[in-house]
Amino acid sequence: MNSTELLNNKIDKSFYLQSVTDAARNLLGKYLVKFEKSEILAGKIVETEAYDYKFDEASHSFKGKTKKNEVMFEEGGKLYIYFTYGMYFCANVVTGRKDYGSAVLIRAAEPLQGIEKMFKRRFPEIIFSEKDKTKICSGPGKLCIAFALDKESNGTDLCGNNIFISEGEYIEPAKIKSGKRIGIKKSQDLNWRYYIENNPYISVK
DNA sequence: CCAGGGATCCGG
DNA sequence: CGGATCCCTGGG
């Protein structure tokens with residue numbers, strides 16, 4: 001897909017107003033796109049996690065709105081990026097109505113465009129080799145390094161033309177698996193991690 | 001398994 | 001204030 005096709009297939013506002021678990025499931029197969037100055041980056045989303053508001057203690061929004069999580073409380077369709085473990089950023093797609101406070105964490109993607117650029121950000125010392133493609137965006141922190149997503153992009157409107165999500169590939173419902181979310185201690189009973197079965201680009205195999 | 005690393009939150 | 005926590009990652 002070229003830049004015009006990516007833009008023409010941009011998903012619209014209504015997508016972000018569905019429930020957070022539906023959005024997490026339906027984001028699989030779609031393309032995360034970022035237009036940079038001299039480069040287009042795109043990756044097929046292969047793994048997500050839903051974070052709700054009420055009943056979900058693991059969600060940043062659980063205890064209410066603060067300066068840090070305020071973007072989560074905006075109307076669906078915004079990009080919520082937070083800094084964690086002193087080193088990494090994680091990118092989330094805000095869902096639901098204004099003041100609700102739910103979001104989908106984008107955990108992994110298959111690099112499609114701007115692959116070498118992304119690889120260089122992840123491994124500055126190494127020359128790109130095709131076999132390493134699965135390591136570029138195979139985790140939420142890695143994906144943010146590859147796409148150069150940081151505090152600056154927090155709050156970006158995904159209905160704009162800079163960072164957005166494009167209609168990608170249809171994923172057979174039977175190929176969509178769910179399980180426990182990674183790295184959380186609270187609300188471990190919720191199977192809100194979604195991923196494409198046997199996909200080599202997901203974080204934890 | 002473990003430490004790195006820093007912003008944020010919460011109790012005193 | 002200090003201490004704990006945190007949706008992570010790369011290296012043993």
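To find a chain, count down the sequence lines: A is the first, B the second, and so on, and within it residues start at 1. Worth saying up front: this structure is predicted, and the values here are computed from it rather than measured.
- No donor-acceptor pair under 3.5 Å is formed between the side chain of A/Gln18 and the backbone N or O of A/Ser14.
- Side-chain polar atoms of A/Tyr31 and A/Glu169 form a donor-acceptor pair below 3.5 angstrom.
- Residue contacts shown for A/Arg193 are absent, as no nucleic acid heavy atom lies under 4.0 Å away.
- For the pair A/Arg193/A/Ser203, a side-chain contact is recorded, criterion being any heavy-atom separation below 4.5 Å from C-beta on.
- A heavy-atom distance below 4.5 Å is not found between the side chains of A/Tyr51 and A/Trp192.
- With DNA chain B read from its 5' end, the first of the two nearest nucleotides for A/Thr84 and A/Lys63 is the one closest to A/Thr84.
- One atom, CD1 of A/Ile81, and another, P of C/dC8, lie 15 Å apart when rounded to the nearest Å.
- Rounded to whole angstrom, the span from the CZ atom of A/Arg107 across to the P atom of C/dT9 amounts to 7 Å.
- A heavy-atom distance below 4.5 Å is found between the side chains of A/Leu41 and A/Arg121.
- The stretch residues 64-75 of chain A has no heavy atom under 4.0 Å from DNA chain C, so no residue of it qualifies as close.
- Along DNA chain C, the nucleotide closest to A/Tyr80 and the one closest to A/Phe123 are compared, and the more 5′ of them pairs with A/Tyr80.
- For A/Glu57, the side-chain hydrogen bond (donor to acceptor under 3.5 Å, both in side chains) criterion is met by no residue, not counting sequence neighbours.
- Residue A/Lys180 is out of contact with every strand shown, counting any heavy-atom pair closer than 4.0 Å.
- Residues A/Phe15 and A/Ile165 fail the side-chain proximity criterion, which asks for heavy atoms closer than 4.5 Å.
- By the 4.5 Å heavy-atom criterion applied to side chains, A/Lys186 and A/Ile184 are not counted as neighbours.
- A salt bridge links A/Glu167 to A/Lys30: one of the charged nitrogens lies within less than 4.0 Å of a carboxylate oxygen.
- Side-chain contact between A/Val20 and A/Asp56 is absent, with no heavy-atom pair separated by less than 4.5 Å.
- Atom NZ of A/Lys185 is separated from atom P of C/dA4 by 12 Å (rounded to the nearest Å).
- Proximity of residues 128-145 of chain A to DNA chain C (heavy atom under 4.0 angstrom from any strand atom) is restricted to A/Gly139, A/Pro140, A/Gly141, A/Lys142.
- The CD1-C1' distance, from A/Ile202 to C/dT9, rounds to 17 Å in whole Å.
- The ring of A/Tyr88 does not lie on top of the base of C/dC8; it is either too far (5.5 Å or more) or too tilted (30° or more).
- Within the structure, the side chain to side chain donor-acceptor pair (under 3.5 Å) test picks out the following pairs touching residues 143-163 of chain A (sequence neighbours left out): A/Lys10-A/Asn161.
- Between A/Phe83 atom CZ and C/dT9 atom C1' there is a gap of 13 Å when expressed in whole angstrom units.
- Backbone-only contact: A/Ile184 has heavy atoms under 4.0 Å from sugar-phosphate atoms and none from a base.
- The CG atom of A/Leu6 sits 5.5 Å away from the CD atom of A/Gln113 when rounded to the nearest 0.5 Å.
- A/His60 places its NE2 atom 15 Å from the P atom of C/dT5, with the value rounded to the nearest Å.
- Counting 5' to 3', DNA chain B first comes under 4.0 angstrom of a heavy atom of chain A and last does so at the ends given by B/dG4 to B/dC10.
- Protein atom CG of A/Leu105 is 15 Å distant from nucleotide atom P of C/dC6, rounded to whole Å.
- At distances below 3.5 Å, at least one donor-acceptor pair connects side-chain atoms of A/Arg122 with backbone N or O atoms of A/Ile136.
- Side chain of A/Ser61 to backbone of A/Ser102: no donor-acceptor contact under 3.5 angstrom is found.
- For A/Tyr82 against C/dC6, a side-chain-to-base donor-acceptor contact under 3.5 Å is absent.
- Comparing A/Lys186 and A/Arg122 by the nucleotide of DNA chain C whose heavy atom lies nearest to each, the residue mapping closer to the 5' end is A/Lys186.
- Note: A/Phe128 and A/Phe119 have perpendicular aromatic rings, judged against thresholds of 30 and 60 degrees for the angle between ring planes.
- Whole-Å rounding puts the A/Glu125 CD to C/dG11 P distance at 12 Å.
- Listed by first residue number, the stems of DNA chain B with at least three Watson-Crick or G-U pairs below 3.5 Å are B:1-4 with C:8-11, B:6-11 with C:1-6.
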